[in-house]
Amino acid sequence: MAEYNPKDFELKWQKKWEKDKEFEAKDSSKKPKFFILDMFPYPSGDGLHVGHPRGYVGTDVIAHYMRMKGYNVLHPMGWDAFGLPAENYAIKTGIQPSISTEKNIKRFKEQMKSIGLSYDWSREINTSDPVYYKWTQWLFLLLFKKGLAYQEELPINWCPSCKTGLANEEVVAGKCERCGTEVTKKNIKQWVLKITDYAEKLLNDLDKLDWPEKIKEMQKNWIGKSEGADIDFQVKDSDLKIKVFTTRPDTIFGATFLVLAPEHKLVGEITTPEKSSEVKKYQEATKNKMDVERQLEEKEKTGVFTGAYAVNPANRKEIPIYIADYVLPYYGYGAIMAVPAHDERDFAFAKKYKLLIEKIELDKNIEQATKWLEKMGCAKKAINYKLRDWVFSRQRYWGEPIPLVFCEKCKEKIEKEDYKKGEFSKGELLNPGWIALSEKDLPLTLPKLEKYEPTGTGESPLAQAKDWVEITCPKCGGKAVRETNTMPQWAGSCWYFIRYTDPNNQEEISDKKLMKYWLPVDFYVGGAEHAVLHLLYSRFWIKVLYDEKIINFDEPFKKLITIGLILAPDGQKMSKSRGNVINPDDIIEKYGADSLRLYEMFMGPFDQPISWDTQGILGVYRFLEKVFNLSQNISEKTDSETKRLLNKTIKKVGEDIENQKFNTAIACMMEFINSAEKISLEDFKDFLKILSPFAPHLSEELYQSDKSIFKDNWPKYDKKLIIDSKIKIIVQINGRLRDTIEVESDSSEAEVKDMILQSEKVQKWIQEKKIKKVIFIKNKLINLVV
RNA sequence: GCCGGGGUGGUGGAAUGGUUUACACGAUGGACUUAAAAUCCAUUGGGCGCAAGCCCAUGUGGGUUCGACUCCCACUCCCGGCACCA
């Protein structure tokens with residue numbers, strides 16, 4: 001007799017599906033569409049580990065299910081291929097990032113194919129491919145021209161020894177990952193996108209989304225809306241005003257000093273000469289202990305008096321102005337009115353520096369206080385967000401070049417206002433001298449370099465490519481230089497799902513009709529680590545595109561599910577350095593792709609983190625073996641109990657897939673196989689259909705048909721068959737289980753009561769006692785209260 | 001500190017007001033085998049008992065209910081996120 005050996009047929013079916021284009025989506029169809037998407041991976045040099053497929057198999061199960069339910073399914077895959085590791089690898093080996101990336105992609109793709117994932121590979125995209133990033137650049141120009149991009153001097157992590165900027169991941173405990181030198185900050189002109197313009201929409205539209213509450217909550221906190229008032233404080237003996245934001249304008253009478261962030265722009269101007277050196281020292285100290293260090297520190301407040309005073313507009317009292325690093329430069333206006341009687345932090349500061357703590361009787365609520373201050377002309381109702389604008393440039397090589405040039409001549413023209421209306425875009429006027437490339441010059445391709453080392457000035461390695469940098473201005477034909485910073489990895493992933501609808505289009509981001517048909521994404525699956533950055537940035541770009549009428553939807557992902565991380569058997573995160581990575585290739589080699597798929601789904605709830613247990617695979621392998629063995633033992637007719645169980649299983653598996661409860665769907669199929677006795681070929685085929693999304697290879701192999709199992713419809717279950725004729729009823733006395741009896745289904749209360757009163761067990765518990773109450777639930781339970 | 005999610009056998013987990021522990025792993029015993037692997041059968045929360053059976057158990061304490069893993073209150077521990085946010 002034949003034996004279950006997945007190697008005999010898994011590869012065969014993978015090739016056949018590919019040859020038959022079995023899973024390619026049709027751009028027009030009478031069927032309803034369903035766009036199901038995985039977050040695309042960064043193709044690292046390490047290949048896939050068993051954590052990756054969890055999400056991929058989950059979406060694959062749903063994709064197959066929806067196809068069999070009659071949907072036209074778009075299920076694509078691609079590569080988020082720009083990023084730092086490829087660049088670092090190039091520095092070490094001299095190998096072009098494009099070459100190492102290509103190699104990695106090949107490996108990832110082979111691995112994915114060996115799992116039998118039903119991707120439509122004809123739509124594969126790669127963010128580092130000029131055909132793709134042409135449109136990332138085009139989108140950036142759209143934002144730029146709209147005035148949503150501006151330049152600002154911002155600090156980056158800087159290693160004084162390597163003379164290079166560092167990504168946050170390269171800073172370990174405040175030190176450079178490579179050389180161990182203390183990391184400092186360096187100010188660099190950066191491109192910044194005005195995501196804050198969309199803060200309110202991004203916040204409100206969360207309500208429309210079918211996303212996990214947890215993710216919505218995280219975005220809400222990230223956006224961090226608070227309502228209050230802006231209040232101006234006049235600096236004493238000066239024209240200067242200091243603007244603060246407060247959520248408690250009603251406490252203004254208790255404001256006994258002001259505190260500015262050390263980075264506040266007015267600090268230099270207001271500081272008195274005798275305080276100047278002390279203030280400068282404090283500013284310098286703050287600069288060098290930002291971020292990591294600042295957070296690690298005890299919350300002991302420090303600060304310095306500037307020597308200046310401001311006037312409290314409510315009571316005209318003069319109050320001192322301090323600087324302190326507990327006031328953050330990027331929240332509100334980087335300045336607060338300190339109310340020590342009402343705020344713990346202000347209280348601690350006031351105590352330490354012996355400042356006035358004034359208790360106040362609140363005679364106004366927030367609303368009234370704001371109105372009163374507005375009337376006096378010193379305050380305005382205001383809303384503040386924690387959300388900050390998005391720093392969009394990177395001093396890196398391996399990313400999309402920013403398609404802008406800097407032209408001195410155009411800058412002068414704009415500054416002298418010597419230009420015609422419409423000559424410059426909004427973005428060009430906002431950033432004098434910066435000129436957008438014209439659309440026909442896109443893509444602006446990344447030049448190949450010989451050396452990828454940092455420049456030592458903090459500029460991108462691209463600055464070394466003189467031929468590339470020095471060009472003529474597309475506006476005036478004068479001398480100009482290119483922007484040498486590149487875009488962050490998020491740029492390509494902000495909009496990639498759009499490109500799947502029309503991946504080879506040279507004229508447009510995607511055909512309008514195709515976008516209208518396929519978008520938005522119906523079902524999106526990925527790691528919760530992208531809760532704020534990727535998912536928020538993407539929502540932002542989509543809202544801009546919607547406002548520009550390029551697309552007709554304003555949220556990219558209707559439904560989102562997050563996957564739980566797969567941990568190594570030791571409960572730790574899998575990583576090369578820990579040496580605990582489990583490679584799916586080994587699992588497939590030993591047990592086959594179907595077992596890998598099934599185990600990934602069976603381990604536990606889809607959205608919960610879980611440790612890998614290679615032993616556990618045996619269970620699903622044995623199950624598949626039993627399915628195979630049953631196929632070798634088909635009967636003429638299915639016995640009635642098996643028939644009933646099959647119908648129940650069809651119902652349960654369908655419902656479980658729709659709720660992403662893959663583990664219980666599999667458990668239910670196991671129960672069926674464990675107790676199936678006689679089964680006809682027709683019924684066995686129905687079972688194969690519900691198994692096929694999970695174990696496509698074995699299901700196809702056993703299906704015995706001239707067309708693919710996936711061309712067939714999902715089986716229907718017979719409602720009548722699901723009801724058992726005899727039903728076990730739970731018998732309780734005073735709510736405690738004392739017996740169970742079998743009755744005809746739908747037996748009435750009286751019938752059941754008569755039956756159980758004859759039972760010895762029940763009599764024993766009732767004895768002489770009187771039955772006070774009977775609780776009866778049809779087909780389930782009877783409870784006598786005595 | 002704040003927000004979110006959790007605590008069920010030796011292990012992963014199932015059950016969202018009605019038989020706690022489905023399904024699976026592991027373990028123990030048995031069959032087959034020269035032997036091992038594989039496979040098959042049985043047992044597998046704890047306690048008492050020869051047995052029928054009874055009692056106890058879903059982090060802790062209380063409450064609601066005929067009946068609570070499930071709902072409510074308080075506490076506790078674990079995991080994830082955010083955090084000097086004015």
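Each chain gets a letter, A, B and so on, in the order the sequences are listed, and its residues count up from 1.
Look at A/R644 and A/E641 and you find a salt bridge, because one of the NZ, NE, NH1 or NH2 atoms lies within 4.0 Å of a carboxylate O, short of that distance.
Between the side chain of A/E213 and the base of B/rG5, no donor-acceptor pair under 3.5 Å is found. Side-chain to base pairing of A/K220 with B/rC3: no donor and acceptor N or O lie closer than 3.5 Å to each other.
Put simply, A/N663 has a side-chain N or O that comes within less than 4.0 Å of OP1 or OP2 on B/rA14. Between A/N674 and the phosphate of B/rA24, there is a side-chain N or O to OP1/OP2 separation shorter than 4.0 Å. Proximity of A/R345 to the phosphate of B/rC85: a side-chain N or O atom is located under 4.0 Å from OP1 or OP2. A close approach under 4.0 Å does occur between a side-chain nitrogen or oxygen of A/K661 and OP1 or OP2 of B/rA15. Neither OP1 nor OP2 of B/rG5 sits under 4.0 Å from any side-chain N or O of A/K214. Close to B/rG26, at under 4.0 Å from its OP1 or OP2, lies a side-chain N or O of A/Q615.
Remark: A/R345 is not positioned above the aromatic ring of A/Y326, lacking an NZ or CZ atom under 6.0 angstrom from the ring centre and at most 45 degrees off the axis.
Minimum atom distance to the side chain of A/I610 is reached by B/rG13, of the listed B/rG13, B/rC84, B/rG26. Taking the side chain of A/L781 as heavy atoms from C-beta on, and the options B/rC54, B/rG18, B/rC84, the nearest nucleotide is B/rG18. The listed nucleotides are B/rC66, B/rG18, B/rA14; the one nearest the side chain of A/T664 is B/rA14. Distances from the side chain of A/I336 to the nucleotides B/rA86, B/rC25, B/rG13 place B/rA86 closest. Closest to the side chain of A/V785, out of B/rC66, B/rU39, B/rG18, is B/rC66. In the set B/rG26, B/rG81, B/rA15, the nucleotide with an atom closest to the side chain of A/R622 is B/rG26. Taking only side-chain atoms of A/F602, from C-beta outward, the nucleotide of B/rC23, B/rA86, B/rG81 with the closest atom is B/rC23. Looking at the side chain of A/M670, the nearest of the listed nucleotides B/rG18, B/rC23, B/rC56 is B/rC23. Relative to the side chain of A/S226, the nucleotides B/rA86, B/rG13, B/rG81 differ in distance, and B/rA86 lies closest. Checked against B/rC54, B/rA86, B/rC40, the side chain of A/W765 finds its nearest nucleotide in B/rC54.
With pairs defined as Watson-Crick or G-U wobble and both atom distances under 3.5 Å, the stems of at least three pairs that touch RNA chain B come out as B:1-7 with B:76-82, B:10-12 with B:23-25, B:26-31 with B:39-44, B:45-48 with B:53-56, B:59-63 with B:71-75.
The aromatic rings of A/W390 and A/Y537 lie parallel to each other, their planes meeting at an angle below 30°, with 60° marking the opposite boundary. Ring geometry for A/Y4 against A/F628 counts as tilted: the plane angle lies between 30° and 60°, on a 0 to 90° scale. The aromatic rings of A/F662 and A/F694 stand perpendicular to each other, their planes meeting at an angle above 60°, with 30° marking the opposite boundary. In this structure, A/F687 and A/F623 have perpendicular ring planes: the angle between them is above 60°, well past the 30° mark.
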Could you go through the salt bridge (Lys or Arg N to Asp or Glu O under 4.0 Å) check for A/D656 and A/K652 one step at a time? CA-CA 6 Å; A/D656 279 354; A/K652 169 87 173 149; 3.4 Å; yes

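A/D343 comes within contact range of no nucleotide atom at all, as no heavy-atom separation falls under 4.0 Å. Here A/R738 lies in heavy-atom contact (under 4.0 Å) with sugar-phosphate atoms only.
In this structure, B/rG9 shows a glycosidic angle within 90 degrees of zero, which is the syn conformation.
The distance between atom CH2 of A/W612 and atom P of B/rG13, rounded to the nearest whole Å, is 14 Å. Rounded to whole Å, the distance from NZ on A/K386 to P on B/rA86 is 7 Å.
Among residues two or more places apart in sequence or in another chain, the side chain to side chain donor-acceptor pair (under 3.5 Å) test is passed with A/Q615 by none.
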